[in-house]
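Reckoned from all heavy atoms, side chains included, excluding hydrogens, waters and symmetry mates. Positions are given from 1, in the same order as the sequence printed here.
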Amino acid sequence: MRALTLLLPGFFSIATAFSPATTSPKAILQASTQFKPSTSLSALPDPDHLASSLEIAANIRDVTIFKGKTLSMLHPFMMFGMLGFSVSTALLGFNWRRQRTIGSEISDLKKTLPDMGSAKTLSEAIAIAKEADDTALIAKYEAATSIEAEINSLNTERKEIAAEGPRDKHFSQGATLAFLGTLFAIEGPLNTYARAGKLFPGPHLYAGAGLVVLWALAVSTVPNMQKGDDTARTVHIGANLAGIGLFAWQVVSGIPILQKVWEKTPWP
């Protein structure tokens, strides 16, 4: 690499001289005589050392650990695990959404309650109405007790969801999924190339590429979601649901590949 850096200035001088306007023999001769390495040849790397380094880089795919069953099995097992992790992350997202939207349901139900005057609950309002011996008002309040019970149930549900902390867990798992998913989506083809010296385009490879795109799309909607953009939320949910479906199909399409690798790939 150092040798290439040292020789580049001279190569650029010759390349400039070979432009269409200066392609005469005289111009070419002048360009070749102007070529001066920026340092002496004695400072260049040892050719044997350079050749050895290039040989190592060219044959890295022949290293046993890259071709063996250990790394080959890492990809499918990680993908199996991340499919379940994706479902878990989605459920956390729906719980967080439920926690946010349950408040509007409670507000709508409260609007249907009758005016209770100074009373804070229907029980208090019924007691006051009984003291006044107002049978019509008592019947009105008693009819609304089912609505109050539903409101109390929703309040309890919201507290239980909030105690689980789905918002932070969803963000944390989503970020982890995006990182590990992308990492092993790249690791899989690299491992295939290390073993076979080529890739095998097909449904499994295309599904993996599509899945990474959907993850990127879901992540890109987060800033707008935090600003309250419902369209971004819809796109986020749609991309993740489509991603889970594509993920499941990718896992199924990868099972025959897994069987072949298990049968034909030696340890380690």
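Salt bridge Lys110/Glu105: absent, no basic N to carboxylate O contact under 4.0 Å. Of the charged side-chain nitrogens involved, none lies within less than 4.0 Å of a carboxylate oxygen, so that Glu164 and Lys169 do not count as a salt-bridged pair.
Cluster annotation: Leu241 and Val252 are assigned to distinct hydrophobic clusters (Ile/Leu/Val/Met/Phe/Trp/Tyr, side-chain heavy-atom contacts under 4.5 Å, transitive). Ile102 and Phe94 are members of different hydrophobic clusters when ILVMFWY side chains are connected at heavy-atom separations under 4.5 Å. In the hydrophobic cluster analysis, where Ile, Leu, Val, Met, Phe, Trp and Tyr join through side-chain heavy atoms closer than 4.5 angstrom, Ile244 is grouped apart from Leu177. Tyr141 and Ile128 fall into different hydrophobic clusters, where Ile, Leu, Val, Met, Phe, Trp and Tyr are joined by side-chain heavy atoms under 4.5 Å apart, directly or via other members. The hydrophobic cluster containing Leu246 does not contain Val87, counting ILVMFWY residues as joined when their side-chain heavy atoms lie under 4.5 angstrom apart, directly or transitively.
Of all heavy-atom pairs spanning Leu205 and Pro189, the tightest one is CD1-CG, 3.9 Å. Across every non-hydrogen atom of Gln173 and Ser88, the tightest pair is NE2-OG, 3.4 Å. In plain terms, the two heavy atoms of Met82 and Phe184 that are nearest each other are CE-CB, 4.1 Å. Taking each heavy atom of Ala242 and Leu214 in turn, the nearest pair found is C-CD1, 3.9 Å. Heavy atoms only, all atoms of each residue included: Thr182 and Ala178 are closest at OG1-O, 2.7 Å. Between Pro114 and Ala144 the shortest heavy-atom distance is CD-CB, 3.5 Å.
When Arg158, Glu157, Lys159 are each tested for a side-chain contact (heavy atoms from CB on, under 4.5 Å) with Ile161, only one passes: Glu157.
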Carefully, step by step, assess His75 and Met79 under the rule side chain to side chain contact (heavy atoms under 4.5 Å, CB included).
CA-CA 6 Å; His75 176 79; Met79 288 303 182; 3.6 Å; yes
Tell me, with the steps shown, if Gln250 and His204 meet side chain to side chain contact (heavy atoms under 4.5 Å, CB included).
CA-CA 6 Å; Gln250 187 198 25; His204 185 73; 3.5 Å; yes
Checking Ile151 against Leu113 for the side chain to side chain contact (heavy atoms under 4.5 Å, CB included) test, could you report, in this order, the C-alpha distance in whole Å, the side-chain angles of both residues, the deciding distance, and whether it holds?
CA-CA 10 Å; Ile151 291 173; Leu113 290 173; 3.8 Å; yes
Met225 vs Val235, test: side chain to side chain contact (heavy atoms under 4.5 Å, CB included). Steps then yes/no.
CA-CA 10 Å; Met225 287 172 59; Val235 172; over 6 Å; no
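No side-chain donor from either of Asn95 and Arg98 sits under 3.5 Å from a side-chain acceptor of the other.
For His236 (side chain) and Thr221 (main-chain N/O), no donor-acceptor pair under 3.5 Å exists by modelled atom type. A donor-acceptor pair under 3.5 Å is absent between the side-chain atoms of Ser153 and the main chain of Ala149, judged by distance alone. The backbone N or O of Asn152 sits less than 3.5 Å from a side-chain atom of Thr156, completing a donor-acceptor pair. The closest donor-acceptor contact from the side chain of Glu148 to the backbone of Leu122 lies under 3.5 Å. Without hydrogens or angle criteria, Glu187 side chain to Leu183 main chain gives no donor-acceptor distance under 3.5 Å. For the pair Ser172 (side chain) and Asp168 (backbone), a donor-acceptor distance under 3.5 Å is absent.
Considering OG of Ser107 and CG of Leu154, their distance stands at 10.5 Å, rounded to 0.5 Å. Taking OG of Ser220 as the reference point, atom CG of Leu217 lies at 4.5 Å (rounded to 0.5 Å). Interatomic distance, CD1 of Ile126 versus CG of Asp134, reported as 12.0 Å (0.5 Å rounding). Of the inter-residue distances, the one linking Thr135 atom OG1 with Lys140 atom NZ reads 13.0 Å to the nearest 0.5 angstrom. Considering OG1 of Thr89 and NE2 of His170, their distance stands at 7.5 Å, rounded to 0.5 Å. Distance check, rounded to the nearest 0.5 Å: OG1 of Thr176 to CZ of Phe85 gives 5.0 Å.
The shortest distance between side-chain heavy atoms of Trp215 and Phe179 does not fall below 4.5 Å.
Enclosure of atom CZ in Phe200 by more than 12 non-hydrogen atoms of other residues, nucleotides or ligands within 6.0 angstrom is indicated. Other residues, nucleotides and ligands place no more than 12 heavy atoms under 6.0 Å from the CZ atom of Arg97.
A cation-pi arrangement is present between Arg100 and Trp96 under the rule of less than 6.0 angstrom and at most 45 degrees off the ring axis.
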